[in-house]
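Data block below; observations after.
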Amino acid sequence: MKEKKKKNKKQQLTIFMIGMFIFLCFILSILYSLGMKQLTYHNVYKNISELSEQTATQLSMSIKNQMKFLDLIVDFINGGYAKTEDEIFKRFEPDLTSYHFTRLVILDSKGNGKTSDGYTVKNYPNIEEFFAQETTYLSENRPSTVSENQVNIYSKVFDWHGEKKVIFATIHTNNYEEILERRLFNGLGTTYLINNQGEILIGAQEKNWNSNFYEYLKNNYQVKSKKELEKITNMSNQILNNKVGTFYISLKNQVHFIHYEKLNINNWYVVTLAPGSTIAKELSTFLSISLGLCFLQLIILFSIFIYIYLGKQKQNKQLYEMAYLDPITNLGNEYFFKEHSKEFLNQSPNHQYIMMIDINKFKHFNKIYEYEFCNEILKCFGQKLKNTLPKNSIVSRVSRDVFLAYFSYTGKIEHLMKTLFVALEDLKVYTIHIHINVAAGIYKITKKDIDMNDILDKVDTAHAKSKGPYDSNYYIFDEELENKMLEEQQIELNMESALQKQEFKIYYQPKVYVRNGSLAGAEALVRWEKDETLIPPNHFIPLFEKNKFIIKLDLYVFETVCKHMKEWREKWEHFPVISVNISKEHFTDENFIIKYAKIADKYSIPHEMIDLEITESATSDESINIVQIINNIKKQGFLISLDDFGVGSSSLGMLQQLNIDIIKIDKTFIDQANLKSDRNIINYIALMSQKLGVKTIVEGIEKKDQVEFIQKLKCDMIQGYYYSKPLPKKDFEEYLQENKYYKKGKK
């Protein structure tokens with residue numbers, strides 16, 4: 001009996017121990033399951049938020065670039081560079097495609113106006129909405145008034161001949177859809193653009209514009225649970241308070257993950273919705289199995305652990321592919337590139353390069369071919385790029401047609417580039433041969449390089465240079481470029497304030513007659529005096545010509561010269577003819593001279609006392625109607641000089657067509673002339689000019705023997721340091737008085 005009781009107690013203890021073990025296994029399974037769920041959800045949150053942030057950043061950059069374009073148009077208008085609306089349209093219509101705009105529209109406060117593509121607009125609805133905006137404004141999408149498309153409108157108010165007007169730049173809403181329609185989570189993820197009231201501006205998969213996102217969730221996914229409804233309400237409150245967030249919600253009995261990211265434009269949000277069946281399929285399976293394993297033996301529990309491990313590996317692989325691989329080319333994306341390129345940075349930097357390369361005018365392919373075919377072009381391009389570059393190179397697609405490559409190469413990089421461009425210029429897509437042209441920027445890694453973002457900035461700069469006017473379609477970054485960039489950035493930061501502070505000073509260099517050395521006039525030259533330091537013109541003039549600031553500077557110089565001439569006219573009976581340089585950047589507007597004439601008239605300066613100098617290079621620019629421009633200048637009564645004659649590429653035939661007054665012979669001719677012979681090019685130019693009825697000035701005269709040489713020729717005037725260097729206004733006035741020239745009452 002005692003044995004039986006003892007046996008029963010032992011059995012009870014065994015049952016209890018087994019029960020406790022099973023219970024403990026059950027608790028551990030639950031805890032493990034919850035931990036796995038939390039970890040997986042954390043990874044999912046991280047990935048979905050990164051993808052949503054990436055989409056929001058790309059969309060935000062696109063919108064800001066388009067806003068800058070509209071600001072540029074309004075600056076152009078406010079600068080007085082256009083007299084009619086058609087001139088505005090003509091100037092900027094060629095740029096619309098680059099910014100994805102369909103048309104420009106200019107309207108008055110009553111909603112009446114016209115478009116750049118010929119439509120007339122009357123009584124545009126809700127025009128007050130746009131006139132109420134103080135800055136550049138982007139509207140929510142709405143139906144187009146001239147087509148069946150949905151559009152968004154960029155607008156900005158400006159003053160036009162004393163009247164408030166607004167300019168529109170319209171864009172098809174589906175341009176933004178292209179950014180939102182990324183293949184998220186194997187194509188099952190969806191991205192929406194909403195405002196802070198929840199109205200859907202763009203739905204990436206359904207054309208459900210202008211419906212409410214929160215109501216769309218409730219109705220489309222049949223949300224009835226109080227808990228789930230509270231999550232949607234909380235999301236709407238968070239968005240109203242300008243916050244971002246990530247959460248999961250049960251929709252149609254299935255877990256979905258939602259992330260909302262602020263766009264920083266119009267209080268818009270990018271909302272990404274992804275089904276949990278794709279993201280956490282293994283987790284769901286594991287949770288179901290875990291709850292049943294509490295009654296199984298240890299061996300089954302061990303098998304579950306193996307299953308969890310394998311499932312985790314598979315899940316990590318899926319998440320890795322979604323986070324790091326480009327779905328079109330099967331190459332890495334930007335995250336992949338940055339992560340793996342760190343391995344190269346940890347190695348010796350000798351012969352290590354980073355290259356950014358893209359297909360020039362790839363947008364044209366999108367217009368010609370279907371979307372899938374263009375994707376195949378990118379895939380073929382990426383594979384050929386990877387196959388042509390040295391072994392073990394990292395190649396990734398980081399945006400539409402832009403690829404990054406990290407590679408080692410011990411030979412001359414120029415040889416590799418030549419081989420690469422030959423290989424890439426012909427792509428076979430299916431059975432079609434596609435000819436492409438590429439642009440590449442290259443940066444060679446140094447020992448100092450430790451930050452990949454800094455490196456990518458440099459290679460991006462080199463890539464931008466490859467798009468410029470260079471003979472080669474690639475550019476290799478160097479320190480000289482970096483220093484020049486820093487210098488140009490500093491100059492651009494200071495140029496506007498320098499103009500306001502009048503740091504640009506006018507210097508005058510006299511011109512004298514060859515026959516008697518008397519004063520013939522002077523040339524106005526600009527100098528930048530900053531902090532008692534003189535910045536040479538060749539440091540800032542080329543940059544100002546590139547960024548169009550030269551237009552403002554030229555007008556400033558011209559008006560300052562007119563002010564000085566007015567002072568001299570009041571002081572002396574006579575005053576010298578002054579020549580002023582005009583950049584060819586003005587010539588995009590054939591009627592620009594009207595503005596110059598108004599300035600001269602403002603100061604009562606006779607037009608014939610002003611000589612406008614244009615460079616010879618402007619006469620050979622096919623984009624400029626130089627004959628018409630010179631004729632317009634002559635109609636206003638100004639003199640015209642052709643500067644730097646002989647160093648450009650204008651033809652004698654073109655010279656015969658130009659109604660100019662003076663030819664300025666470049667100083668290179670006097671530097672190279674045989675001063676002991678009259679058989680030289682200067683004499684021939686002078687004789688030719690005499691036949692054409694054009695006067696001549698020889699520049700760069702610095703020595704007495706050069707003066708004596710010129711006096712023997714048929715030239716009219718001389719300019720150079722022999723007579724005087726460029727003088728500040730005060731010194732120039734003293735020069736006039738010392739030479740007893742233009743004193744009051746005397747000639």
In this structure, are over 12 heavy atoms from other groups packed under 6.0 Å from K530 atom NZ?
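It does: K530 NZ has more than 12 such atoms within range.
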
Using a 6.0 Å cut-off, check whether atom NZ of K714 has over 12 heavy atoms from anything other than its own residue.
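It does not: K714 NZ has 12 such atoms or fewer within range.
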
Short N-O contact, D611 and K695, less than 4.0 angstrom
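Not counted as a salt bridge, because no side-chain N and carboxylate O are separated by less than 4.0 Å.
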
Please state whether the rings of [X] and [Y] are parallel, tilted or perpendicular, taking 30° and 60° as the class boundaries.
X	Y	result
Y81	F76	tilted
Y137	F130	perpendicular
F158	W160	perpendicular

Side-chain atoms of residues 698-709: list all donor-acceptor pairs with protein atoms under 3.5 Å, sequence neighbours left out, distances to 0.1 Å.
| unit_1 | atom_1 | unit_2 | atom_2 | d |
| --- | --- | --- | --- | --- |
| E699 | OE2 | K664 | NZ | 3.3 |
| Q706 | OE1 | E702 | N | 2.9 |
| Q706 | OE1 | K703 | N | 3.2 |

Is any side-chain heavy atom of [Y] closer than 4.5 Å to one of [X]?
X	Y	value
I593	L612	yes
F477	V459	no
V166	F168	yes
F732	P510	yes
N581	L525	yes
V694	M688	no

Could I get the full list of ring pair (Phe, Tyr, Trp, His ring centres under 6.0 Å) partners for [X], not counting sequence neighbours?
X	value
F101	F69, Y154
F89	none
H586	F592, Y596

Main-chain N/O of [Y] paired with [X] side-chain donor or acceptor, under 3.5 Å:
X	Y	result
K156	V74	no
D460	L456	no
K363	S98	yes
Q509	S724	yes
D644	D666	no

Can you tell me which residue pairs pass the salt bridge (charged side-chain N to carboxylate O under 4.0 Å, His left out) test with a partner in residues 85-105, sequence neighbours excluded?
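Found E85-K165, D86-K114, R91-D95, R103-D117.
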
After noting the C-alpha distance and the side-chain angles of Q628 and N632, does the key distance pass the side chain to side chain donor-acceptor pair (under 3.5 Å) rule?
CA-CA 6 Å; Q628 183 61 47; N632 290 346; 2.9 Å; yes

For the residue pair Q690 / D716, report whether a side-chain donor-acceptor contact shorter than 3.5 Å exists.
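No, Q690 and D716 have no side-chain donor paired with an acceptor closer than 3.5 Å.
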
Please check if any side-chain donor atom of D554 sits under 3.5 Å from a side-chain acceptor atom of S583, or the reverse.
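S583 and D554 do not have a side-chain donor-acceptor pair below 3.5 Å.
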
Tell me which one of K566, E567, E559 satisfies side chain to side chain donor-acceptor pair (under 3.5 Å) with Y603.
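It is E559; the other options fail the test.
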
Please list, one pair per line, the donor and acceptor atoms closer than 3.5 Å that link side chains of residues 532-550 to other protein atoms, with sequence neighbours excluded.
| unit_1 | atom_1 | unit_2 | atom_2 | d |
| --- | --- | --- | --- | --- |
| T533 | OG1 | D531 | O | 3.4 |
| H539 | ND1 | E487 | OE2 | 3.0 |
| N547 | OD1 | F549 | N | 2.9 |
| N547 | ND2 | E492 | OE2 | 3.0 |
| K548 | NZ | E585 | OE1 | 2.7 |

How many angstroms lie between atom CD1 of I605 and atom CZ of F558, to the nearest 0.5 angstrom?
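Those atoms lie 9.0 Å apart.
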
Test side chain to side chain contact (heavy atoms under 4.5 Å, CB included) applied to E613 and V580, step by step:
CA-CA 6 Å; E613 294 192 11; V580 183; over 6 Å; no

